[in-house]
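Below is one structure, written out as structure tokens, with a few remarks after it.
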Amino acid sequence: MGLLIRLVTGAVALWIATLLVDGIRVTAESVPGKIGTLVLVAAAFGLINAVLRPIIKTVGCGFYVLTLGLVALAVNGLLFLLTSWIAGQFDVPFHVDDFWPDAVLGALIVGVVGWLLNLFVPDGKDD
């Protein structure tokens with residue numbers, strides 16, 4: 001159940017990012033198509049983050065220390081752009097225009113909104 005709640009909160013965070021950043025678009029025609037796209041992209045973004053982020057943090061540990069963690073913004077933006085590219089390869093109607101500011105702001109918004117939603121929505125771990 002917790003995985004489903006995380007997926008929905010990720011999709012809502014993506015939806016908010018599409019509303020706030022002009023360079024992030026879901027081009028599905030119908031509302032169910034848009035919802036399905038958001039859920040699919042949220043799953044892909046979560047999977048990409050779960051697999052690649054620990055590797056990048058380990059390899060780039062010095063950069064994280066040297067920049068006091070600011071390189072994480074660039075890494076998140078690149079992972080968001082990678083998610084857009086993978087969605088394009090599978091003809092998923094989701095697109096991020098550019099790295100700066102679209103991908104960086106989008107990843108930042110998704111992270112902050114997801115964090116806020118997880119504060120208020122129980123995910124079953126508190127039992």
Side-chain angles (χ1 to χ4, degrees):
M1 187 66 172
L3 184 64
L4 182 63
I5 291 172
R6 284 186 181 179
L7 187 61
V8 170
T9 57
V12 169
L14 273 170
W15 174 64
I16 291 173
T18 62
L19 295 177
L20 296 177
V21 180
D22 290 333
I24 303 173
R25 292 184 306 281
V26 175
T27 56
E29 297 295 324
S30 66
V31 173
K34 288 182 181 186
I35 292 170
T37 299
L38 289 170
V39 169
L40 188 63
V41 171
F45 190 52
L47 185 63
I48 288 169
N49 273 326
V51 171
L52 291 180
R53 184 183 304 236
I55 296 168
I56 293 169
K57 279 187 173 182
T58 302
V59 171
C61 181
F63 290 113
Y64 279 87
V65 172
L66 185 66
T67 63
L68 302 175
L70 289 177
V71 75
L73 292 173
V75 169
N76 288 342
L78 288 171
L79 292 175
F80 201 61
L81 206 55
L82 177 64
T83 303
S84 172
W85 180 79
I86 290 172
Q89 298 301 308
F90 288 100
D91 293 325
V92 176
F94 175 78
H95 183 69
V96 178
D97 287 340
D98 296 314
F99 171 73
W100 180 259
D102 303 326
V104 173
L105 284 177
L108 187 62
I109 290 169
V110 168
V112 169
V113 170
W115 175 72
L116 286 172
L117 288 174
N118 284 325
L119 283 178
F120 297 108
V121 177
D123 62 355
K125 291 183 180 179
D126 297 333
D127 295 339

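Any value given below was found using the heavy atoms of this structure, including those in side chains, with hydrogens, waters and symmetry copies removed.
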Pair listing, ring-ring contact (aromatic ring centres under 6.0 Å, His included) test, anchored in residues 19-39, at least two apart | none

ring-ring contact (aromatic ring centres under 6.0 Å, His included) pairs touching residues 16-36, sequence neighbours excluded, are none

Around F63, counting heavy atoms of other residues, nucleotides and ligands shown, do more than 12 lie under 6.0 Å from its CZ?
-> no

Result block: side-chain N/O donor-acceptor pairs under 3.5 angstrom for residues 7-24, not counting sequence neighbours:
{"unit_1": "T9", "atom_1": "OG1", "unit_2": "I5", "atom_2": "O", "d": "3.2"}
{"unit_1": "T9", "atom_1": "OG1", "unit_2": "R6", "atom_2": "O", "d": "2.9"}
{"unit_1": "T18", "atom_1": "OG1", "unit_2": "W15", "atom_2": "O", "d": "2.5"}

Pairs meeting criterion side-chain hydrogen bond (donor to acceptor under 3.5 Å, both in side chains) with involvement of residues 83-97, two or more places apart | R25-D97, H95-D97

Would you sort out whether V41 and V26 count as a side chain to side chain contact (heavy atoms under 4.5 Å, CB included), showing the intermediate values?
-> CA-CA 10 Å; V41 171; V26 175; over 6 Å; no

Just list the side-chain donor-acceptor pairs under 3.5 Å for residues 70-81, sequence neighbours left out, or say none.
{"unit_1": "N76", "atom_1": "OD1", "unit_2": "R53", "atom_2": "NH1", "d": "3.1"}
{"unit_1": "N76", "atom_1": "OD1", "unit_2": "R53", "atom_2": "NH2", "d": "2.9"}
{"unit_1": "N76", "atom_1": "ND2", "unit_2": "A72", "atom_2": "O", "d": "3.4"}

Quick check: is [Y] connected to [X] through a chain of hydrophobic side chains (ILVMFWY, heavy atoms under 4.5 Å apart)?
{"X": "I56", "Y": "F99", "value": "yes"}
{"X": "L82", "Y": "V59", "value": "no"}
{"X": "I109", "Y": "V39", "value": "no"}

Value rounded to 0.5 Å, distance of CG in L47 from CZ in F45 = 11.5 Å

State the CG-CG distance between N49 and L52, to the nearest 0.5 angstrom.
-> 8.0 Å

Sole residue of V113, N118, L119 in side chain to side chain contact (heavy atoms under 4.5 Å, CB included) with L116 = L119

Which residues share a side-chain contact (heavy atoms from CB on, under 4.5 Å) with F90, sequence neighbours left out = I86, V92

